[in-house]
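Structure record follows, encoded as structure tokens.
Both counts, for ligands and for their atoms, begin at 1 and track the order of listing. No hydrogens, no waters, no symmetry mates; every other heavy atom, side chains included, goes into these values. It should be emphasised that the depicted structure is a prediction, and the values quoted were computed from it without experimental measurement.
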Amino acid sequence: MHIGVLGSGLMGGKLGTILARAGHDVVFSYARSEQKLKKLAREVQGNARAGTPGEAARDADALLLAVHWSRVDDVLKQAGDVSGKVIVSCSLPMNADDTGLVIAHTSSGAEQLAKRVPQARIVSAFNTVPSEVLFGVFEARRKARRPSLVYCGDDAGSKKIAAQLIRDVGFEPVDAGPLRIARYTEPFALLVAQLAYEGDRGPELAYRFEPFGK
Ligand SMILES: NC(=O)c1ccc[n+]([C@@H]2O[C@H](COP(=O)([O-])OP(=O)(O)OC[C@H]3O[C@@H](n4cnc5c(N)ncnc54)[C@H](OP(=O)(O)O)[C@@H]3O)[C@@H](O)[C@H]2O)c1
């Protein structure tokens with residue numbers, strides 16, 4: 001697949017790198033320095049380049065939205081027409097100092113995003129794990145017991161694409177349902193972050209849902 005990364009920081013940089021190593025074509029975009037984007041692309045060694053958000057969006061089969069909530073409008077404006085595009089968003093609707101959700105309970109960041117770009121096909125994914133665990137999960141992808149990753153969205157085709165990307169990173173996709181379920185997954189992401197950054201086991205943390213007692 002052609003993957004356009006909108007926001008090449010901790011999440012976008014790592015997920016883009018992993019997806020390129022998994023065989024996808026990746027365009028890294030949206031960082032404050034072009035040098036950083038070029039370095040990311042170079043270090044992948046193949047299948048990746050630096051570009052503008054517009055270039056990242058142009059031929060993308062899927063866009064990975066990985067910017068701070070306050071930058072969503074700006075990056076989407078730069079991306080241009082995203083009609084019909086699959087946007088896999090890991091962005092959480094956090095306040096400026098990242099201490100709390102600015103949208104919750106009666107809506108979610110993912111639903112607001114879908115309202116912002118109604119012509120795009122939004123899937124919420126990858127926001128329930130810390131960036132620190134991503135390379136470890138990718139390295140362990142051939143093991144039988146994979147960590148779970150919840151995702152949700154309203155469009156079956158785009159969810160299928162997201163599930164494939166989730167598998168390619170090394171997680172077992174867990175379909176949590178329609179996009180409004182992001183009202184539950186986004187606060188859950190803050191729980192995972194709490195455990196990762198304030199708990200005593202460190203930030204390389206993933207989770208796994210499994211049937212119990214069978
Ligand atoms: N980090 C995590 O573990 C984690 C986990 C779950 C969900 N999330 C969510 O994922 C999203 C991305 O988080 P992140 O930790 O990857 O953030 P990040 O490391 O700050 O990355 C954001 C990217 O946006 C770029 N950017 C910011 N302001 C810009 C501007 N004015 N012009 C151009 N580029 C700009 C940054 O550029 P620079 O590279 O130059 O800084 C960076 O590449 C957020 O919504 C966050 O809530 C993060």
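- Of the candidates H68, R32, Q35, the one placing a heavy atom closest to atom 36 (C) of ligand 1 is R32.
- The side-chain heavy atoms of T17 and F28, taken from C-beta on, include a pair separated by under 4.5 Å.
- With hydrogens and angles left out, the side-chain atoms of H24 and N47 include no donor and acceptor closer than 3.5 Å.
- Taking distance alone, with nitrogen or oxygen atoms compared against 3.5 Å, R71 approaches ligand 1 more closely than that limit.
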Intermediate values then yes/no, salt bridge (Lys or Arg N to Asp or Glu O under 4.0 Å), E43 and K39: CA-CA 6 Å; E43 284 175 356; K39 186 164 181 276; 3.2 Å; yes
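- Scanning the protein for heavy atoms near atom 46 (C) of ligand 1, the closest one is L92 N, 4.2 Å.
- Protein heavy atom in closest approach to atom 35 (C) of ligand 1: Y30 CE2, 3.3 Å.
- Closest protein heavy atom to atom 23 (C) of ligand 1: G9 N, 3.8 Å.
- Between G7 and ligand 1, not a single N/O pair is under 3.5 Å apart.
- Taking every non-hydrogen atom of C90 and a distance limit under 4.0 Å, the qualifying atoms of ligand 1 come out as 7 (C), 8 (N), 9 (C), 10 (O).
- Taking every non-hydrogen atom of A66 and a distance limit under 4.0 Å, the qualifying atoms of ligand 1 come out as 11 (C), 12 (C), 22 (C).
- Residue contacts with ligand 1 for V129 involve N, CA, C or O but no side-chain atom from C-beta outward (heavy atoms, distance under 4.0 Å).
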Verdict with reasoning, R208 to E172, per salt bridge (Lys or Arg N to Asp or Glu O under 4.0 Å): CA-CA 9 Å; R208 185 177 157 81; E172 186 176 294; 3.6 Å; yes
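- Interface of K36 with ligand 1, defined as ligand atoms under 4.0 Å from a residue heavy atom, comprises 38 (P), 39 (O).
- Those atoms of ligand 1 with a heavy atom of Y197 less than 4.0 angstrom away are 3 (O).
- Atom 19 (O) of ligand 1 has its closest protein heavy atom at L10 N, 2.9 Å.
- Checked by distance only, ligand 1 and S8 come closer than 3.5 Å through their nitrogen or oxygen atoms.
- Taking hydrophobic clusters as Ile, Leu, Val, Met, Phe, Trp and Tyr residues chained together by side-chain heavy-atom distances below 4.5 Å, L179 does not share a cluster with I161.
- Between D61 and V86 there is no side-chain heavy-atom pair separated by less than 4.5 Å.
- For V67, a nitrogen or oxygen atom sits less than 3.5 Å from a nitrogen or oxygen atom of ligand 1, counting backbone and side chain alike.
- Aromatic ring centroids of Y207 and F188 lie under 6.0 Å apart.
- Using a 4.0 Å cut-off between heavy atoms, F28 makes no contact with ligand 1 at all.
- For atom 6 (C) of ligand 1, the closest heavy atom belonging to the protein is N127 O, 3.3 Å.
- You'll find the side chain of L134 reaches within 4.5 Å of the side chain of M11, heavy atoms only.
- Side-chain contact between S107 and Q112 is present, with at least one heavy-atom pair separated by less than 4.5 Å.
- When side chains are defined from C-beta on, Y184 does not count as touching V150, because their heavy atoms never get closer than 4.5 Å.
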Stepwise side chain to side chain contact (heavy atoms under 4.5 Å, CB included) test for H68 and M94: CA-CA 7 Å; H68 190 272; M94 301 301 289; 4.2 Å; yes
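- Contact analysis puts P130 in contact with ligand 1, with a non-hydrogen atom separation below 4.0 angstrom.
- For D98, the heavy-atom gap to ligand 1 stays at 4.0 angstrom or more.
- Regarding atom 16 (O) of ligand 1, its nearest protein heavy-atom neighbour is M11 N, 2.8 Å.
- Looking at E111 and R183, a side-chain N of the basic residue comes within less than 4.0 Å of a carboxylate O on the acidic one, giving a salt bridge.
- Within the listing of ligand 1, atoms 2 (C), 3 (O) sit less than 4.0 angstrom from a heavy atom of S131.
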